[in-house]
Structure formats: structure tokens, C-alpha cells
Amino acid sequence: MQSKLMIIRCLTLFFNWVLCQEISNLPFPNSFLFGAASSAYQIEGAWNESGKGPSRWDYLVHNTPVVNDGSTGDVAADSYHRYKDDIAALKELGVSFYRFSINWPRILPTGFINEINPAGVEYYNNLIDGLLAEGIEPWVTIYHWEIPLPLHYLGDWNNDKIVQYFTDYANLLFQLFGDRVKTWLTINEPFSFCVLFVNVEVLSAGQEGVPTGTTEYQCAHNVLRAHASVYRLYQFKYKAIQKGRVSIVISSEFSLPASDSAEDIAAAERKRKFDLGWYLHPLVYGDYPQTMIDNIGNYSVVQGFPVSRLPKFTILEKLAIKGAYDFIAINHYTSALTTPGTSSEEPVPSFNNDDGVITYQNPSWEGSDFLKIFPEGFRELLVYIKKNYRNPEIAITEQGFADYPNIINDTARINYYQLYLTQALKAIYEDGVRLTAYTAWSLLDSFEWNNGYLVTLGLYDVDFESENKTRTPKESAKYYKNVIATKCLIDTCV
Ligand SMILES: *[C@@H]1O[C@H](CO)[C@@H](O)[C@H](O)[C@H]1NC(C)=O
Ligand SMILES: *[C@@H]1O[C@H](CO)[C@@H](O)[C@H](O)[C@H]1NC(C)=O
Ligand SMILES: *[C@@H]1O[C@H](CO)[C@@H](O)[C@H](O)[C@H]1NC(C)=O
Ligand SMILES: *[C@@H]1O[C@H](CO)[C@@H](O)[C@H](O)[C@H]1NC(C)=O
């Protein structure tokens, strides 16, 4: 009986032969791409060299207590001068692609299109050409939080004009580099700079009067409008000749109900809509999720606002945003448990109050002081995207493990990649998710924003004290190199 069932199961499913084997024994598909990632401010250094203008982060690290250890990205891994070491590390790993970001004020020192910095253009030309010479595809993030300081003073992502400024900048990058760059990621993790960093800045830099409950939505609204503008620009002006593809990078934890209760299940679903759906729903269906429209609208009325704090798209904007992606790009590190409620620490109004959800992690989950992990949540996230957002092609543009500096035998990171990549295999072979690429975050130990250098995620250790910022492969780099070379997670892989 059992074998008969097995045969039926093997015959009826598309990947029939695959399902008759242990998933972790199977190789990733031949066409599957592995890469590694970085971002400009986190590794480049040279913050005030060769014509570069200041960014918001240059200002923050020098003038506020936002960074835990008081460190800066002034030098970081010094990749501006040592990018050839980075290319050598990527070559050693055997990656198919390198995801890096362009530092906006290194190209446009004031943020505006009227003044172009030739040294900045030369740097990225050298990096791109150096990668291509080693057979490594450049995947370029246009904005990874390096907003030029003048544009910050004009209101940052809250200013509607950012759509034009960002489109001018992206247009220049397509002109300059689009002959060689075929994968463009417009904006990295809007949730982080529209929500998380607003909170970090308010709490640690003591900035008063930040309009929470409004700024988050205005920021994300302009992100979506700017992304759509750039996507359509590429589609109409460049795609036919350059033949590249464009997407936006969305970060998401996966929200799991804290219990089987209907309330917790509803809270998890609501949180997914407020987190992932905030961006994916407009991209796939042309507008925000109904639960966001309802909740924020109702709270706004109660709080005495004449209209919802969640902005509305015009009909033309909806048309531009809907379908503005060639694949879905996701950053995912961990999951969280959800239950209904609001934390008394959250300001009212605020995004975190509007979602009506309390999230926490199970203390029993394994991990480090910085990252508790739940690998099954990764597979659930992929399946959720498949089911709710029309089975898109998905690329993981960041995933990695956070631990302390100077751990070269980083067994916990190897364990993380092994567990998470196993879930990726299950999603591909058992769930039919169209996952086509995976990016390890990060290539190097880096300046980790408000955590400075106290946390590391690199496959390569960087000796930040040394004159030449020596890069040393950790054990996880060797593990990842073997995964890339064999497309297998274990030695017995068939
Ligand atoms: C650049 O910044 C460094 C500190 O990181 C400072 O010592 C140096 O004088 C600055 N250079 C210029 C040209 O302003
Ligand atoms: C919010 O208001 C709408 C009507 O505008 C109503 O249909 C909906 O049930 C309300 N939602 C909540 C969560 O109160
Ligand atoms: C790394 O640590 C593990 C566990 O302690 C040990 O089994 C392994 O041999 C170590 N590897 C190296 C290269 O030191
Ligand atoms: C510079 O880096 C190389 C490895 O790339 C190392 O062998 C050398 O000792 C380093 N020199 C200094 C002065 O740190």
C-alpha cells in the first residue's frame, strides 16, 4: 500500500523523480545562481575623497550618537582603494554575481544631476570591468541608504520631489553602466529606512518632533513612486538595447502565529500585509493591502485626522506601479511570532501602533545574541509569496548570520547557511517556488550601521586594525565555496 502510494506520488507530481529522494541529497538546479553582497557605505570608506559629497550617514556618524560603538564608515574595509581584494575574494568563492551598491554622492556630490564626479564614475567603471574580467556579473543596487546630505535637508524620502531626483540619478547610471550591468535593484529595504531607522534616530539621537505615523507611509509611498518611475524609464528607454532587468529589494521577516488561536493567526496575516504586503501588494496588484487601508484609515479618523495617514496613489501611479518588477528580490534573515496588541512603548500614532501586532522571538530558537533563527520560516515565506503574489520568480538578495567579530571558525554561520539553504531546496523541489538566485550577506565584515563593528556577517573577516584591511576567509567562506562548486549542501549529494 505504502509503495503504491509512493509510486502514485512520484508519478503525479511534476518533479516526480525528485520527490522520491531526500531533498538535502539533491543539487540546486543547474541554472541556479549564487552570489554575495555588500553596500557602498558599509565597505567603501574614502568618505570625503576624490570629489565625493557627504551623505546622510556621513553626517549621522560624525554628529550623533546613533552608532553603538561610536565608530564610522570613514575607512571601513577601504574597498574604494582595495576593490581588487574584494574581486579576488569573490573569485575565490566562485560566485556568479556580486551585489554591490553605488554611493549616490560619489557620483553626484550634491545629489542633483547638474554636477557629475568623474572620479566616482571611474571607480565604478573599474569595479564593474574588474568583475566582468573574472566572469562575475555585477548586480547593482542604485540606493542602499547613501542619500546625499542636501537631499536629506530637502526632506529625504518624505519630499515628493525625491521621485524626480532619484529618476535623474538612475537615468545617469543606466547611461554610464547599463551596457555592462544587466541586473538593477532600485532601492534596498525601504522598511529599514522608512521605519526602523526613524526609530533608531529618534531613540538614540534624541531627535524630537519626528512625525511617526506619517513619515513611515510618506517615505514608503515615495519609494514606490520612485521605483515605478525608474522601472518605467528603463522599460521604455533602455530595455530594448541593454536587455537588463529591474526590481526593488524588499526585506521581510516571516510572521508566524504565536499559537493556534484565530486571533494569533489573524495577527500573523495582518503583520505579513503590513510588512511584505506594504510593498508587494502595490507591485503585484496596484494598491496597498486592504487591511492597511482599513486599519490606518480607521485609526486616523479616531485620532482626529481629516484623511487617512496612509497616502493614496493616483490612477496613473497605480498603473505605473502595478507590474513594475522583472522578478521579486527578497532579503530574509529570520522569523517572528505574532499576537494581537500594541506595545505601550510605541508612540501613537506610529506604524508600529497601526499594525496592532506584538512580535517576539521564541527564546528557545537557536542563534546568536544578534540573530535568533527559525529556518522553516524561510520556506514558509517563499511559499507565501508564491501563493499570494502570483508565483513570481524570486531572488534572495540577502541572507546571512550575525555573530561577533574575529571568529574565523564560524561554525554557527555554516550551520545557518546549511539549514536555510535546505529550506530553499524544499521550496524549489517540494513547493515549486521559482527561486532562481541566492545572495549571501555579506562578502566582508562591514560597518553594520547603528551596530558599528560590534556585529559581523561576513564570509571574509576584515582586520579593521591593519593598514591594508586584510581579508581572511572564514570557514563559512570555504563552506559556501563548496556549495557553489558542487551546487550541493552535503558530500553525498547526487
Ligand atoms: C577626510 O576625513 C578625514 C577623517 O576621516 C580627515 O582626517 C581628512 O582631513 C578629511 N579630508 C578632507 C580632504 O577633508
Ligand atoms: C474600518 O472601516 C471600514 C469602513 O471604512 C470598515 O469596513 C472596517 O471593518 C473597519 N475595520 C476595522 C479593523 O475596524
Ligand atoms: C571548527 O570548530 C569545530 C567545532 O568546534 C571543529 O570541529 C572544527 O575542527 C574546527 N575547524 C577548524 C578548521 O578549526
Ligand atoms: C597586507 O596584506 C597581505 C595579505 O593580502 C599580508 O600578507 C600583509 O602582511 C599585509 N601587510 C600589512 C602591512 O598589513
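Atoms within a ligand are numbered from 1 in the order they appear, just like the ligands themselves.
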- Item | Plane angle bin for Phe100 and Tyr124 - parallel if under 30°, tilted between 30 and 60°, otherwise perpendicular | parallel
- Glu253 bridged to Lys271 by N-O distance under 4.0 Å: no
- Message: If you define the side chain from C-beta out and look only at heavy atoms, does anything of Asp58 sit under 4.5 Å from Leu149?
- Response: no
Between ligand 3 and the protein, which N/O pairs are shorter than 3.5 Å?
unit_1: ligand 3; atom_1: 2 (O); unit_2: Asn409; atom_2: ND2; d: 2.3
unit_1: ligand 3; atom_1: 11 (N); unit_2: Asn409; atom_2: ND2; d: 2.9
unit_1: ligand 3; atom_1: 14 (O); unit_2: Asn409; atom_2: ND2; d: 3.3

- Relative to each other, are the rings of Tyr438 and Tyr417 parallel, tilted or perpendicular (30° and 60° limits)? perpendicular
- Query: Under a 4.0 Å N-O cut-off, is there an ion pair linking Lys386 with Asp431?
  - Reply: no
- Is the His144 ring parallel, tilted or perpendicular to the Trp441 ring (thresholds 30°, 60°)? parallel
